[in-house]
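One structure is given below, encoded as structure tokens.
The first residue in the sequence is number 1, and the count goes up from there. In this text, all values refer to a predicted model and were calculated from it rather than measured experimentally.
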Amino acid sequence: MESEPFHKVTPLLESWALSRVAGMTVFLKCENVQPCGSFKIRGIGHFCQQMAKKGCSHLVCSSGGNAGLAAAYSAQKLGIPATIVLPENTSQQVVQRLQSEGAEVQLTGKVWDEANMRAQELATRDGWLNVSPFDHPLIWEGHASLVRELKVSLGTPPGAVVLAVGGGGLLAGVTAGLVEVGWQHVPIVAMETRGAHSFNMAMKAGRLVTLPDITSVAKSLGAKTVASRALECAQECEIISVVVDDKEAVSAVQRFLDDERMLVEPACGAALAAVYSGLLGRLQAEGRLHQALASVVVIVCGGNNINSQQLQELKTQLGHS
């Protein structure tokens, strides 16, 4: 008997405001209403459930927040302890939220990669398991559930799927899902912010590229190197890689808040910028997307690393009026 998944089936909303901006029907896949506030629970929940069956007794995760929350939530549901290792600059808000999910939090290193090394060290202990935020086949398998829901909601394929790329876990899961439901011809518009654009660099080079540093404010997209699987996805589906500036991502967060009364983090703003920065029209003009695009699905991946004060600070920092 297969145990109930930890994720919820999320709403797919047709957005009047975004459709008007895009000049085509825009559907929002609202992953921001998942337990733990982001899509991460799909893949990480699935991974943790499968690993607990194999006898894992302690979860370790290094995550700038969203993956860590999903791991902590999963551990609590499974009744096993979780240790979350985060960079030292993690906000107090995130640390407290993780502790409220019952996790032990360790702060180490300046960036995610350093925290990740510590997590891998801990995971060598007996029965301990490192939960990768994005780089495991079970995680992609869990994320693929999102596309099965799209198939149920829409019936017919959308003209494109727009998503944000951090480490490439969502991209790998959506690719697997599209192939699974027979929608592999649907193009994926893969959005990143400059300064966290490790997928775009890899696509251009035809191999994995490691960014020297993460300079984008979209910290949740801050993997210096994407999963190698993310590059392989480009062989299976049509992936259009686009990079926007932090300013465009943060502007999209503000406009989305005003249009839909939902607050998401800049990582998610990168995906929304495909609409708000007029990118879909530009891609059509360049012949990279079909002229007769009737609809797109934007995956509103969500995220916890934002509140009204943080949004105000980001806008000030980036020189928004």
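Within the 3.5 Å criterion, the main-chain N or O of E248 finds no donor-acceptor partner in the side chain of D245. Under a 3.5 Å cut-off, the side chain of S145 and the backbone N or O of G142 do form a donor-acceptor pair.
Within the 4.5 Å cutoff, side-chain heavy atoms of L129 are placed close to those of F47. Looking at C30 and M262, their side chains come closer than 4.5 Å, going by heavy atoms from C-beta outward. Between V209 and S198, every side-chain heavy-atom pair lies at or beyond the 4.5 Å cut-off. Counting only heavy atoms from C-beta outward, the side chains of T10 and N32 never approach each other to under 4.5 Å. P266 has its side chain out of reach of T193: every pair of non-hydrogen atoms, C-beta onward, lies at least 4.5 Å apart. Counting heavy atoms from C-beta on, the side chains of L154 and V297 come closer than 4.5 Å.
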Note to self: Before you tell me yes or no, could you show the steps for V162 and L280 under side chain to side chain contact (heavy atoms under 4.5 Å, CB included), namely the whole-Å CA-CA distance, both residues' side-chain angles and the distance that decides it to 0.1 Å?
What the structure shows: CA-CA 10 Å; V162 179; L280 297 173; 4.2 Å; yes
Notebook entry, point to check: Please walk me through it: do K29 and C301 pass side chain to side chain contact (heavy atoms under 4.5 Å, CB included)?
Noted result: CA-CA 8 Å; K29 184 62 169 156; C301 45; over 6 Å; no
Next item on the list: Apply side chain to side chain contact (heavy atoms under 4.5 Å, CB included) to Y276 and F256, showing your working.
Entry: CA-CA 9 Å; Y276 287 120; F256 189 66; 4.0 Å; yes
Item checked: side chain to side chain contact (heavy atoms under 4.5 Å, CB included) between V105 and Q99, worked out -> CA-CA 7 Å; V105 179; Q99 288 166 336; 3.9 Å; yes
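Ion pairing of E236 with R229 is present here, as a side-chain N (NZ or NE/NH1/NH2) and a carboxylate O approach within less than 4.0 Å. Ion pairing between E180 and K151 fails under the 4.0 Å rule for side-chain N and carboxylate O. Salt bridge annotation for K40-E31: absent, with no cationic side-chain nitrogen under 4.0 angstrom from a carboxylate oxygen. With respect to E260 and R255, no salt bridge is recorded, no charged nitrogen being found less than 4.0 Å from a carboxylate O.
Atoms CD and OG, on Q50 and S3 in that order, are 7.0 Å from each other to the nearest 0.5 Å. Distance CG/L122 to SG/C61: 12.0 Å, rounded to 0.5 Å. Summarising the geometry, atom OG1 belonging to T175 is positioned 11.0 Å from atom CD belonging to Q235; distances are rounded to the nearest 0.5 Å. Expressed to the nearest 0.5 Å, how far CD of E101 lies from CG of L69 amounts to 6.0 Å. Here the straight-line distance linking atom CD of E192 with atom NE2 of H197 works out to 7.5 Å at 0.5 Å rounding. Note that CD1 of I188 is 7.0 Å distant from SG of C233, once rounded to the nearest 0.5 Å.
E265 pairs in a side-chain contact (heavy atoms from CB on, under 4.5 Å) with only one of the listed residues (V250, V253, I306), which is I306. With V189 as reference, L289 is the one residue of V161, L163, L289, I239 to meet the side-chain contact (heavy atoms from CB on, under 4.5 Å) rule. With S62 as the fixed residue, the side-chain hydrogen bond (donor to acceptor under 3.5 Å, both in side chains) test singles out one of T108, T83, N116: N116.
Residues H143 and G173 share a closest heavy-atom pair of CB-CA, 3.8 Å. Between P157 and H185, the shortest heavy-atom distance links the atoms CG-NE2, 3.8 Å. Nearest heavy-atom pair, A227 versus L208, reported as atom, atom and distance to 0.1 Å: O-CD2, 4.1 Å. Considering every non-hydrogen atom in both S19 and V26, the closest pair reads OG-N, 2.9 Å. Contact between C237 and V179 at its shortest, heavy atoms only, is SG-CG2, 4.3 Å. Nearest heavy atom pair, residue V186 against residue L178, reads O-CD1, 3.9 Å.
For the residue pair T225 and T210, a side-chain donor N or O sits within less than 3.5 Å of a side-chain acceptor on the partner. The closest side-chain donor-acceptor pair between S295 and T25, if any, does not fall under 3.5 angstrom. Q317 and E313 share no side-chain donor-acceptor pair at under 3.5 Å. No hydrogens or angles considered: nothing links the side chains of H290 and Q284 as a donor-acceptor pair under 3.5 Å.
Ring orientation note: the planes of Y73 and F6 are nearly perpendicular, at an angle over 60° on the 30°/60° scale.
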